[in-house]
There are 2 protein chains.
Amino acid sequence: MSNSEDKTVPVIGVDVPVEGILSVEKAQRMAEFFGVLGDPNRWRILSALALKELRVGELAEAVDMSESAVSHQLRVLRTMRLVSYRKQGRSVYYCLKDDHIFNLYQEASEHLDEPDD
Amino acid sequence: MSNSEDKTVPVIGVDVPVEGILSVEKAQRMAEFFGVLGDPNRWRILSALALKELRVGELAEAVDMSESAVSHQLRVLRTMRLVSYRKQGRSVYYCLKDDHIFNLYQEASEHLDEPDD
DNA sequence: CAGATACTTGAACAGTTATTCATGGATAAT
DNA sequence: ATTATCCATGAATAACTGTTCAAGTATCTG
């Protein structure tokens with residue numbers, strides 16, 4: 001656990017965490033972020049957008065949810081900057097913002113696929 | 001997004017996702033996992049254990065929670081195999097199970113530190 | 001054995017969250 | 001202009017989650 005603003009010790013090019021327990025504030029931010037990824041429908045939305053840019057209506061059909069529900073969830077994903085959008089006429093096209101989500105997915109998959117001890 | 005059991009296309013040693021929308025089951029598993037990381041106190045517990053192996057009581061004091069609350073949370077972390085433990089006398093020592101948690105932390109930190117567009 | 005310590009567990013309660021439903025705003029079509 | 005379409009939003013409700021509290025198990029001590 002380390003990032004640019006935290007106290008770390010560089011060892012062979014790798015940051016080794018020296019910091020103590022996460023501050024309540026940092027823990028809160030982490031939790032808020034991961035909490036957004038703690039909903040199955042949001043994952044389905046993200047995976048749909050991983051394929052291609054989609055309008056809200058198309059997205060709703062793709063993941064079998066109401067447009068309203070999808071719209072609510074897109075707002076959550078927007079505030080966490082996981083998706084971005086562009087308006088065209090009365091349509092709004094959404095897409096994934098960056099590929100952090102891919103790395104998180106992969107890391108989680110690896111963990112979940114690990115054999116039990 | 002890819003893992004060993006999903007349909008992927010190998011390109012230069014990297015799996016490129018071809019699969020469609022995540023199945024409800026897979027999305028559910030992802031959500032359950034990330035949901036566990038969606039609580040600030042669990043992050044504080046994990047960060048404490050990142051420093052060193054700790055007993056439940058020590059952990060409770062370190063993160064300023066009741067022993068009961070910590071114990072409940074440890075059970076959650078255990079079921080997601082994020083922590084492991086060993087008993088010694090009447091004490092139970094907990095520690096991080098693997099370093100996936102570090103990678104997830106780092107990936108999330110990077111995302112959160114990204115500048116707005 | 002009796003009591004103390006370390007931890008776990010179940011129930012209950014408060015706070016949070018995700019959906020639905022109804023509505024409103026903006027743009028396009030007729 | 002009127003109507004239809006696409007999407008966003010607020011309120012309400014049902015479901016879920018995390019803590020506390022009370023009790024229970026296991027181990028150690030005197």
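By convention in this document, chain letters (A, B, ...) are assigned in the order of the sequence lines, proteins followed by strands, and residues within each chain are numbered from 1. The basis for the numbers below is simple: all heavy atoms, side chains too, and nothing from hydrogens, waters or symmetry mates.
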Query raised in the report: Can you tell me if CD on Glu32(B) sees more than 12 non-hydrogen neighbours from other groups inside 6.0 Å?
Result: yes
Query - Spacing between Arg75(A) atom CZ and dA11(D) atom C1', to the nearest angstrom - result: 13 Å
Query - Distance-only donor-acceptor check, side chains Gln88(B) and Arg86(B), under 3.5 Å - result: yes
Query raised in the report: Is the backbone N or O of Lys97(B) less than 3.5 Å from a side-chain atom of Arg81(B), with the two atoms forming a donor-acceptor pair by type?
Result: no
Query raised in the report: What nucleic acid atoms does Ser91(A) come within less than 4.0 Å of, heavy atoms only: base, sugar-phosphate, or nothing?
Result: sugar-phosphate
Query raised in the report: Please give, in whole Å, the distance from dG18(D) C1' to Arg44(B) CZ?
Result: 15 Å
Query raised in the report: Which of residues 54-67 of chain B sit near DNA chain D, with a heavy atom under 4.0 Å from it?
Result: Met65(B), Ser66(B)
Query raised in the report: Can you find a side chain N or O atom of Tyr94(B) that sits less than 4.0 Å from OP1 or OP2 on dA6(C)?
Result: no
Report task. Check the distance between dC16(D)'s P and Gln28(B)'s CD and give it to me in whole angstrom. Result -> 10 Å
Query raised in the report: Where is the tightest heavy-atom contact between Ile45(A) and Met65(A), given as atom of each residue plus distance?
Result: CD1-SD, 4.3 Å
Query raised in the report: Quick one: CE on Met30(B) to OH on Tyr105(A), what's the gap to the nearest 0.5 Å?
Result: 5.0 Å
**Report entry** Integer-rounded Å distance: dT17(C) C1' and Leu37(A) CG
**Finding:** 15 Å
Requested in this report: Tell me whether the OP1 or OP2 atom of dT19(C) has a side-chain N or O from Asn41(A) closer than 4.0 Å.
Outcome: yes
Query raised in the report: Side-chain N or O of Arg78(A) less than 4.0 angstrom from OP1 or OP2 on dA8(D)?
Result: yes
Query raised in the report: When you look at Leu46(A) and Leu37(A), which way does the side chain to side chain contact (heavy atoms under 4.5 Å, CB included) test go after all the steps?
Result: CA-CA 10 Å; Leu46(A) 290 170; Leu37(A) 301 179; 3.9 Å; yes
Query - Residue-phosphate contact under 4.0 Å: Gln73(B) side-chain N/O, dT17(D) OP1/OP2 - result: no
Report task. May I have the step-by-step check of side chain to side chain contact (heavy atoms under 4.5 Å, CB included) for Leu96(A) and Leu82(A), ending in yes or no? Result -> CA-CA 6 Å; Leu96(A) 295 189; Leu82(A) 287 166; over 6 Å; no
Query raised in the report: Which word best sums up how the rings of Trp43(A) and Phe34(B) line up, parallel for under 30°, tilted for 30 to 60°, or perpendicular for over 60°?
Result: tilted
Query raised in the report: Stepwise, does the side chain to side chain contact (heavy atoms under 4.5 Å, CB included) test hold for Tyr85(A) with Lys87(A)?
Result: CA-CA 7 Å; Tyr85(A) 65 99; Lys87(A) 294 183 179 177; 4.1 Å; yes
Requested in this report: Could you state the atom-to-atom distance from CZ of Arg86(A) to P of dC6(D) in whole Å?
Outcome: 16 Å
Query raised in the report: Separation of Arg42(B) atom CZ from dG18(D) atom C1', in whole Å?
Result: 8 Å
Query raised in the report: Is there a donor on the side chain of His72(B) or the base of dT17(D) sitting less than 3.5 Å from an acceptor on the other?
Result: no
Query - Summary of protein contacts for nucleotides 22-30 of chain C, nucleotide by nucleotide, where a base hit scores B, a sugar-phosphate-only hit scores S (4.0 Å, heavy atoms) - result: -----BS--
Query raised in the report: What integer distance in Å separates Asp39(B):CG from dT17(C):P?
Result: 11 Å
Query raised in the report: From Met80(A) CE over to Ile101(A) CD1, what is the distance, rounded to the nearest 0.5 angstrom?
Result: 12.0 Å
**Report entry** Overall bend - the helix from dC1(C)-dG30(D) to dT30(C)-dA1(D), comparing terminal axes fitted on five pairs, nearest 10 degrees
**Finding:** 10°
Query raised in the report: Whole Å only: how far is the CG atom of Leu77(B) from the C1' atom of dC7(C)?
Result: 16 Å
**Report entry** Atom CG of Asp64(B) with >12 non-hydrogen neighbours under 6.0 angstrom
**Finding:** no
Query raised in the report: Tyr94(A) and side-chain hydrogen bond (donor to acceptor under 3.5 Å, both in side chains): which partner among Arg55(A), Arg78(A), Glu53(A), Glu58(A)?
Result: Arg78(A)
